[in-house]
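See below for the structure under consideration.
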Amino acid sequence: MLMGVGIMFLTFIGMEAIAWAMHKYVLHGFLWFLHKSHHTRHQHTFEWNDLFFAWYGSLAMLFFIFGSEPLDYRFWIGAGITLYGVAYFLIHDVFIHRRIKMFGRTSNVYLKALNMAHRVHHKVKGKHGSESFGMLWVAPRYFKAASEVVNKQEQDKSGAVHH
Ligand SMILES: [Zn+2]
Ligand SMILES: [Zn+2]
């Protein structure tokens, strides 16, 4: 069990590395025709880019199927992929892109840094020239910028009380 949780955790970390490489070299590479839908403003509920959820979902499902009865390491890899998918969806689709209105403004420096980094990624509308391809891993410079914004927010808040 403990071993299983360890495998799940490592898979989760590994998925961030895989997602980063996929995004940088594949989505902004030969699968750009699908990912493009995510870099274009539109009014649709779904994007072609959402197919990637189906892809990772099917992958996790296969791990679950082959890794149960008896339960082995593959089950935990499936669990790690699923966990990453959920985290990715909550942060990228709900929190950053607000596809479901659930979260308000945050004063959490990490979440703010994530948001800033990903908005920089979206500044470039084309296939080339983007940066910040990761999701949960954020370059240190964004932490600095984010903590400045959060400090300012806090100051504004305490300022409002005195008026
Ligand atoms: Zn992209
Ligand atoms: Zn995005």
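Model, not experiment: these values are computed from the prediction. Throughout, numbering of the chain's residues begins at 1 and tracks the sequence. Counting convention: from 1, in listed order, for ligands and their atoms alike.
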* To do: Flag the pair His35 / Phe52 as yes when their ring centroid distance falls below 6.0 Å, and as no otherwise.
  => no

* To do: Kindly check if the number of other-residue, nucleotide or ligand heavy atoms within 6.0 Å of OH (Tyr110) is above 12?
  => yes

* Atom NZ of Lys125: over 12 foreign heavy atoms under 6.0 Å -> yes

* To do: Please determine if Glu148 and Lys152 form a salt bridge, counting it only when a charged side-chain N lies under 4.0 Å from a carboxylate O.
  => no

* Every N, O or S from the protein that is nearer than 2.8 Å to the Zn ion (ligand 1) -> His23 NE2, His28 NE2, His35 NE2, His39 NE2, His121 NE2

* **Among the N, O or S atoms of His97, the one nearest the Zn ion (ligand 2)** => NE2

* Asked: Nearest 0.5 Å, what's the CZ-NE2 distance between Arg99 and His92?
  -> 8.5 Å

* **ring-ring contact (aromatic ring centres under 6.0 Å, His included) contacts touching residues 54-74 (sequence neighbours left out)** => Phe64-Phe75

* To do: Could you tell me the separation between the CE atom of Met15 and the OH atom of Tyr88, rounded to the nearest 0.5 Å?
  => 10.0 Å

* For the Zn ion (ligand 2), which N, O or S atom of His118 is at the shortest distance? -> NE2

